[in-house]
Amino acid sequence: ASCDDEGPHCVSSLSHAADHRIEPFNYSGKREEARQALLRVLRNTPNAAVVAEAPDYIHAEFTSPLMRYVDDVEFVLPSAENIIHVRSSSRVGYYDFDANRERVERLRLAFFQLFPSIYR
């Protein structure tokens, strides 16, 4: 989903507003390989828990170490494109001080570093 109707605590690759927009993950190869790579990154990320997964969807929760706030990160892997749409949003608060944007970029970097053969 887009974040266009939300406060500054959300980023999405489906948003049109510049302050909410973030690029999707691009990859080459098979969707299932990219999905497995992303799951591996998430399962190796501290304070992250995969709470739902399907062939075209992953939902992870990230818990902040100090205050124990939970943020939701969702990924959609469309079957017709070699991209992974991403949405990261805080459940509590209005401002996130770019925490969601920085989280997505850290995940993108980990995805690329651990699996460069499928990252495009």
- Stepwise, does the side chain to side chain donor-acceptor pair (under 3.5 Å) test hold for His9 with Asn100? CA-CA 7 Å; His9 60 270; Asn100 285 290; over 6 Å; no

- If we only count heavy atoms from C-beta on, is the Val73 to Phe62 side-chain gap below 4.5 Å? yes

- Could you tell me whether the side chain of Arg87 and the main chain of Ser15 form a donor-acceptor pair under 3.5 Å? no

- Task: Would you name the heavy atoms of Asn47 and Pro65 that are closest together and state the gap between them?
- Result: ND2-CG, 3.7 Å

- Separation between CG of Asn26 and CD of Glu81, rounded to the nearest 0.5 Å: 9.5 Å

- Note on the structure: Taken to the nearest 0.5 Å, the spacing of Arg40 CZ from Thr45 OG1 works out to 11.5 Å

- Query: Between Gly29 and Asn82, which heavy-atom pair has the shortest distance, and what is it?
  - Reply: O-ND2, 3.6 Å

- Message: Between Phe25 and Phe111, is the side-chain contact (heavy atoms from CB on, under 4.5 Å) condition met? List the steps.
- Response: CA-CA 9 Å; Phe25 292 23; Phe111 184 74; 4.1 Å; yes

- Item | Residues Glu74, His85; criterion side-chain contact (heavy atoms from CB on, under 4.5 Å); working and verdict | CA-CA 8 Å; Glu74 297 175 285; His85 283 293; over 6 Å; no

- Query: Would you say the side chains of Arg68 and Thr63 form a donor-acceptor pair under 3.5 Å?
  - Reply: no

- Item | Working for salt bridge (charged side-chain N to carboxylate O under 4.0 Å, His left out), residues Glu53 and Arg35 | CA-CA 10 Å; Glu53 62 177 283; Arg35 189 177 83 83; 3.1 Å; yes

- Enter the distance from Tyr27:OH to Leu38:CG here, rounded to the nearest 0.5 Å. 10.5 Å

- Message: Could you check whether any side-chain N or O of His59 sits under 3.5 Å from a backbone N or O of Val50, counting only pairs where one atom can act as donor and the other as acceptor?
- Response: no

- Query: Does Arg91 make a cation-pi contact with Tyr69, if we ask for NZ or CZ under 6.0 Å from the ring centre and within 45° of the axis?
  - Reply: no

- Item | Non-hydrogen atoms of Arg101 and Ala18 that approach each other most closely | NH2-O, 4.0 Å

- Task: Begin from the C-alpha positions of Glu105 and Ile22 and carry the test side-chain contact (heavy atoms from CB on, under 4.5 Å) through to its verdict.
- Result: CA-CA 9 Å; Glu105 293 305 336; Ile22 196 159; 3.3 Å; yes

- Query: Is any side-chain heavy atom of Ile84 less than 4.5 Å from a side-chain heavy atom of Val76?
  - Reply: no

- Message: Looking at Cys3, is its backbone amide N or carbonyl O close enough to the side chain of Ser12 to form a donor-acceptor pair, meaning the two atoms are under 3.5 Å apart?
- Response: no

- Item | Minimum heavy-atom distance between Arg31 and Asp56, given as atom pair plus value | NH1-CB, 3.4 Å

- Task: Check the hydrophobic clustering (I, L, V, M, F, W, Y; side-chain heavy atoms under 4.5 Å; chains of links allowed) and say if Ile58 and Val70 are grouped together.
- Result: no

- Query: Are any of the side-chain heavy atoms of Leu107 and Phe112 separated by less than 4.5 Å?
  - Reply: no

- To the nearest 0.5 Å, what is the distance between CG (Asp71) and OG (Ser90)? 3.5 Å

